[in-house]
Amino acid sequence: MNLIQSHAQKRDGFVKEFALKLGVDVFTPISHTIFSPEEIIKKNGGKPPLTYQSFIKLIGLPPLPLGNGSPSIPPVGIDNSNDLPIPTLTDLGFGDVSQEECNPFIGGETEALKRMDASIQDQKWVAAFEKPKGDPTAFLKPATTVLSPYLKFGCLSSRLFYQRLQEVYRKVKKHTEPPVSLEGQLLWREFFYTVAYGTPKFDQMEGNPICKQIPWNDDDSLLSAWRDGQTGYPWIDAVMVQLRKWGWMHHLARHAVACFLTRGDLFVHWEKGRDVFDRLLIDSDWAINNSNWMWLSCSAFFSQYHRIYSPISFGKKYDPDGKYVRYFLPVLKDMPKEYIYEPWTAPIDVQRKAKCIIGKDYPEPLVSHLGASKNCKEKIAAAYALNKQIKGERNQVQLQGVKKNSSDSRNTDDVIKQPPKKLRQKKLTSY
DNA sequence: TCGGTGTTGACAAA
DNA sequence: TTTGTCAACACCGA
């Protein structure tokens with residue numbers, strides 16, 4: 001049983017027990033997601049679908065939102081009338097996180113509905129929405145709905161959002177389709193929930209049947225430089241600062257920093273990056289976060305490890321002047337735009353004039369991107385070959401019906417050479 | 001077994 | 001601004 005399954009079971013048990021005492025009937029529908037992961041997996045022969053397209057083929061028409069088409073069930077809302085004390089961040093175990101005044105996301109259902117309505121009002125925008133085309137450097141007016149935190153905390157019903165989108169699609173002549181449309185985004189969420197529900201050890205590499213076994217390194221100094229926005233690559237560091245300050249950044253910005261940490265440059269284990277995101281993202285979601293880290297590290301779902309986001313040109317493509325970098329990394333605010341994505345290449349007099357000496361006011365690049373990415377590709381290619389070989393051997397064994405003995409018991413976990421334990425014990429500074 | 005396809009790359013060429 | 005190339009993997013359906 002994995003986390004989602006045990007969580008659901010605990011919740012149902014608790015609610016039922018509580019309700020029984022009050023003599024209340026309990027009806028627990030699928031409501032956090034649109035579809036039932038269990039039913040989709042059953043339809044697929046007991047295994048979760050592993051591609052988006054195969055997932056789409058399995059789903060039928062979605063059920064209507066509760067209270068909005070199911071007349072026997074009242075709308076679910078939050079009763080704010082009884083003045084219950086709201087727990088503080090410290091109560092919730094986040095006392096060491098300082099909240100920035102600029103955090104743009106207010107909590108609650110009222111705000112969630114307001115946000116959804118505001119997004120949906122612009123029917124042209126909804127009809128034309130195409131996720132891969134958004135601008136990850138747009139921060140004054142984000143290129144997406146930013147409804148993810150509200151979906152995560154249950155302030156916004158995914159079913160309601162889905163139905164509202166359908167209403168818009170019916171009204172407009174032409175609109176984008178899944179996977180790139182807004183509807184497609186909701187279905188990605190469903191897809192990842194389904195895989196997460198049906199996969200043992202989903203949140204780790206070892207023992208996870210869908211996860212490639214790759215000998216990631218365990219270098220805490222690389223990890224902390226990345227986490228603290230000290231890699232020396234302004235685009236990467238600015239994204240990590242936005243994560244810390246806002247608890248949110250654009251989807252493609254997440255891709256860029258996740259790729260950099262894992263398969264692109266630093267070759268640090270995706271589970272480490274996952275933990276940082278899990279801690280700092282306001283919308284962090286167990287199923288989606290783990291899925292995306294496996295995706296970006298080429299551990300599952302995606303395997304084109306030659307396609308690496310450049311920590312220099314990817315941000316530049318959207319924001320050649322570096323407005324985004326200057327906003328989140330004020331130390332670089334006076335760096336001329338020719339050098340803003342590669343400040344270490346600026347002549348020393350330019351650095352002096354910009355009041356930003358590289359190596360003193362802002363770090364030198366942690367690694368050389370060209371060399372590091374080449375290195376990563378080679379290591380992943382080798383790991384892939386080994387995974388394939390072991391999978392082949394395993395299939396052979398299954399085909400021949402040979403009973404497993406000790407010499408056959410090798411599995412893909414063996415690909416991992418455990419690094420010397422605690423060789424580098426540099427303690428991570430607190431969040 | 002093989003060809004088609006896969007939400008989101010970078011770079012060069014047209 | 002759009003298209004082809006790079007080098008090549010995993011999954012799926014015929």
Side-chain angles (χ1 to χ4, degrees), chain A residues 43-45 47-59 128-138 142-145 148 175-192 195 199 208-214 233 235-236 239 249-260 262-265 288 291-320 341-342 369-374 376-392 394-395 399 412 415:
Chain A
K43 263 194 201 172
N44 197 42
K47 283 196 159 180
L50 291 178
T51 65
Y52 185 81
Q53 292 306 334
S54 56
F55 169 80
I56 295 292
K57 283 179 195 156
L58 290 165
I59 59 176
F129 186 93
E130 264 185 273
K131 188 61 163 281
K133 293 197 176 162
D135 178 356
T137 65
T144 59
T145 60
S148 53
H175 60 83
T176 52
E177 297 280 352
V180 298
S181 63
L182 269 177
E183 176 193 1
Q185 304 314 303
L186 271 176
L187 296 179
W188 276 105
R189 178 173 177 271
E190 300 290 316
F191 169 56
F192 288 140
V195 187
T199 305
N208 177 345
I210 70 164
C211 186
K212 289 272 188 328
Q213 305 298 306
I214 295 169
Y233 285 95
W235 159 241
I236 299 296
V239 173
M249 67 286 209
H250 187 275
H251 188 62
L252 288 179
R254 301 179 192 200
H255 279 219
V257 296
C259 179
F260 185 86
T262 58
R263 70 183 165 88
D265 290 81
I288 299 171
S291 296
N292 276 311
W293 275 96
M294 279 189 266
W295 187 298
L296 264 300
S297 63
C298 280
S299 297
F301 308 111
F302 179 75
S303 53
Q304 307 280 75
Y305 53 79
H306 288 279
R307 295 184 181 179
I308 288 175
Y309 292 86
S310 162
I312 298 154
S313 48
F314 190 70
K316 198 193 275 180
K317 174 166 80 181
Y318 297 97
D319 181 17
Y341 288 96
E342 300 167 271
H369 173 61
L370 230 61
S373 60
K374 188 165 171 272
C376 287
K377 284 184 215 170
E378 282 166 9
K379 284 195 237 175
I380 294 177
Y384 264 49
L386 207 44
N387 276 267
K388 199 174 169 181
Q389 189 193 331
I390 289 163
K391 201 177 161 188
R394 200 189 266 165
N395 288 344
L399 273 172
T412 46
V415 176

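We name chains A, B, ... by the order of the sequence lines, and we start the count at 1 in each one. Model, not experiment: these values are computed from the prediction.
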Rounded distance in Å - CG (A:Leu386) to P (C:dA10): 12 Å
Nearest-angstrom distance from the residue atom CD1 of A:Ile380 to P of C:dA10: 12 Å
Counterpart residues, side-chain hydrogen bond (donor to acceptor under 3.5 Å, both in side chains), relative to A:Asn292 (two or more places apart): none
Residues in side-chain hydrogen bond (donor to acceptor under 3.5 Å, both in side chains) contact with A:Tyr341, at least two apart in sequence or another chain: none
Test item: A:His250 and A:Val239 side chains (from C-beta on) under 4.5 Å apart, heavy atoms: no
Those residues that, when tested against A:Ser291, pass side-chain hydrogen bond (donor to acceptor under 3.5 Å, both in side chains) (two or more places apart): none
DNA chain C stem ranges, 3 or more consecutive Watson-Crick or G-U pairs under 3.5 angstrom: B:1-6 with C:9-14, B:9-14 with C:1-6
P spacing across the pair B:dT5 / C:dG4, given as an integer number of angstrom: 15 Å
Span that lies between the P atom of C:dA10 and that of B:dA10, in whole angstrom: 22 Å
Touch class at under 4.0 angstrom, heavy-atom based, for A:Lys212 against every strand present: sugar-phosphate
Nearest-Å distance once atom P is located in both B:dC2 and C:dA7: 23 Å
All side-chain contact (heavy atoms from CB on, under 4.5 Å) counterparts of A:Ser181, not counting sequence neighbours: A:Tyr169, A:Thr176, A:Pro178, A:Glu183
Between P of C:dC11 and CE of A:Met294, the distance in whole Å: 14 Å
Same-atom distance (P) from C:dT2 to B:dT7, integer angstrom: 22 Å
Value in whole Å for how far the P atom of C:dC6 lies from OH of A:Tyr305: 17 Å
Side chains of A:Asp265 and A:His369, donor plus acceptor under 3.5 Å: yes
Protein-to-nucleotide contact annotation, 5' to 3' order, nucleotides 4-11 of chain B [B base; S sugar-phosphate only; - none; under 4.0 Å, heavy atom]: ---BBBSS
A:Asn387 side chain to A:Ala383 backbone, donor-acceptor under 3.5 Å: yes
B:dG6 and C:dA8, which share atom name P, separated by this distance in whole Å: 22 Å
Backbone of A:Val180 reached by a side-chain donor or acceptor of A:Gln185 within 3.5 Å: yes
Any side-chain heavy-atom pair of A:Phe260 and A:Trp235 under 4.5 Å: no
Atom-to-atom span, NZ of A:Lys377 to P of C:dC9 - whole angstrom: 14 Å
